[in-house]
Protein chains: 2
Amino acid sequence: MARERKFSTSDLFQSVKHILLQHGYDGFTISLLADRLEVSRGALYKYYDNKDELITQFMVYEMEQFIDELKEINSHTGFEPKFSFLMETIFNKTELHQLIPIAKQIKHHPDGKENKDKLEKLPLEMYRYLQDFISTGKKEGKLKSHIPDSVMLGMIFQSVAIPNHFGIPKAEWIASIKDILSDGMFVSR
Amino acid sequence: MARERKFSTSDLFQSVKHILLQHGYDGFTISLLADRLEVSRGALYKYYDNKDELITQFMVYEMEQFIDELKEINSHTGFEPKFSFLMETIFNKTELHQLIPIAKQIKHHPDGKENKDKLEKLPLEMYRYLQDFISTGKKEGKLKSHIPDSVMLGMIFQSVAIPNHFGIPKAEWIASIKDILSDGMFVSR
DNA sequence: GTCCAAAGTGACACTCGTGTCACTTTCTTT
DNA sequence: AAAGAAAGTGACACGAGTGTCACTTTGGAC
């Protein structure tokens with residue numbers, strides 16, 4: 001290294017996240033990012049060919065980190081503890097789910113699409129990791145076997161995105177969702 | 001009217017919807033719309049001050065239409081029929097839920113914000129209409145009374161957005177979701 | 001047939017963000 | 001201290017989309 005860098009990759013990703021969450025995909029500009037890092041736009045183009053590649057790499061990073069956290073699920077034994085861990089992990093990373101619609105907006109250039117592929121495969125990889133959890137649950141007779149795994153996982157993951165319009169306290173909010181996912185909204189007869 | 005219009009408002013909204021779903025918010029341009037309607041861009045500016053006002057008006061129209069459909073819920077008697085109607089209505093209008101993230105991206109100009117207000121209030125109006133349904137369900141002892149209404153409605157509405165990655169047939173897909181919402185994923189003990 | 005008001009046109013000026021590149025700065029190596 | 005490699009700068013060319021406006025077209029009213 002001939003000269004010290006003015007910003008680290010994690011500085012950068014942190015800023016990218018901040019800007020994306022605040023301004024959304026199309027509100028994100030290289031200038032905004034450069035200002036925040038106190039460098040010139042040109043400097044950023046030294047490391048990333050273009051805006052979309054930058055955002056894609058950020059997304060991959062963010063997803064991989066999340067998947068790493070999820071892997072911890074295997075350190076819990078028994079179905080209920082695993083389920084609780086899963087819910088906690090998901091609800092502690094609410095921002096990630098705000099990033100998903102943003103990720104879908106990325107306009108991928110014809111060339112350099114390796115990262116695009118990677119990004120598209122990550123959600124599937126995640127599903128695979130959790131497949132175990134679900135099938136264990138079914139085998140143990142805890143989960144209904146006639147409901148497809150993907151519906152269950154889909155419901156679980158989608159639940160973070162529910163807007164809490166009326167500001168229900170976080171603990172009650174999560175408990176309610178867990179309750180519905182587990183035993184439904186209906187009073188059991 | 002001194003001269004016949006080349007396009008009706010519903011022509012226009014239909015095209016707007018098509019373009020928004022295909023290209024997303026930032027992919028939407030007045031040129032694209034003008035081309036599709038076979039008019040010049042200038043013509044569109046005769047009716048709408050700017051792009052965002054146009055999209056906002058479209059969104060309001062779309063939401064109001066959906067709310068009208070939902071109002072039909074009162075023509076059904078009994079809790080289960082109402083619930084089924086609600087699920088059907090929601091899952092027959094999947095596009096609308098793809099429009100929601102798009103609506104959030106609208107950049108509202110400082111002036112002319114009446115429509116913006118309207119758009120923000122509509123989801124709440126919708127909640128109000130369905131409040132009845134939920135509270136009736138609770139009173140009749142069908143729904144768990146300790147779970148907040150907004151969590152229930154949130155879960156119901158959010159469920160359309162679950163991506164069906166593995167292409168499960170629509171009927172099975174909806175039935176599974178209904179099942180989870182009603183009685184949960186857990187095997188009842 | 002003339003008038004006029006609404007509908008439509010397309011060229012124009014403008015803004016904003018992108019990506020490039022020759023150049024400067026800073027530090028390490030020898 | 002000279003060389004040179006990596007980091008950073010800022011002016012530039014460019015493209016795409018926006019919104020405006022003087023002008024043309026159309027068709028009903030009189």
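Each chain gets a letter, A, B and so on, in the order its sequence line appears, and its residues count up from 1. Note that the coordinates shown come from a computational prediction; the quantities given were computed from them, not determined experimentally.
The aromatic ring centroids of B:F58 and B:Y48 lie 6.0 Å or more from each other. Taking the centre of each ring, B:F85 and B:F133 stay at or above the 6.0 Å mark.
Following rounding to the nearest Å, A:L12 (CG) and D:dG8 (P) show an atom-to-atom distance of 11 Å. The nearest whole Å value for the distance from the NZ atom in A:K107 to the P atom in C:dG17 is 13 Å. Rounded to whole angstrom, the span from the OH atom of B:Y48 across to the C1' atom of C:dG8 amounts to 16 Å. Following rounding to the nearest Å, A:L44 (CG) and D:dA7 (P) show an atom-to-atom distance of 13 Å. Rounded to whole Å, atom P of C:dG17 lies 17 Å from atom CG of A:N50. B:D11 places its CG atom 11 Å from the P atom of C:dG8, with the value rounded to the nearest Å. Across the protein-nucleic acid pair, B:D52 atom CG and D:dT18 atom P stand 9 Å apart, rounded to whole Å. A straight line from CD1 of B:I106 to P of D:dT18 spans 14 Å, rounded to a whole angstrom.
At a threshold of 4.5 Å between non-hydrogen side-chain atoms, the residues B:S150 and B:L153 do not count as touching.
Side-chain contact annotation: A:S84 with A:K178, donor-acceptor N/O pair under 3.5 Å present.
Proximity of residues 26-41 of chain B to DNA chain C (heavy atom under 4.0 angstrom from any strand atom) is restricted to B:V39, B:S40.
Closest approach to the B:A43 side chain among C:dG19, D:dT9, C:dT9 is made by C:dT9 (side chain taken as heavy atoms from C-beta onward). With C:dT26, D:dG19, D:dT26 as the choices, the nucleotide that has an atom nearest any side-chain atom of B:K51 turns out to be D:dG19.
Surrounding NZ of A:K107 are more than 12 heavy atoms belonging to other residues, nucleotides or ligands, all under 6.0 Å away. The 12-atom threshold is not exceeded at CD of A:Q14, counting heavy atoms of other residues, nucleotides or ligands nearer than 6.0 Å. For A:K139, the NZ atom is loosely surrounded, since the number of other residues' heavy atoms within 6.0 Å does not exceed 12.
A sub-4.0 Å separation between OP1 or OP2 of C:dT20 and a side-chain N or O of A:Y45 is absent. One finds a side-chain N or O of B:Y47 lying less than 4.0 angstrom from the OP1 or OP2 phosphate oxygen of C:dG8.
Taking the nucleotide of DNA chain D with the nearest heavy atom to each of A:K46 and B:K46, the more 5' of the two is matched to A:K46.
A donor-acceptor contact under 3.5 Å is not formed by the side chain of A:R3 with the base of D:dA6.
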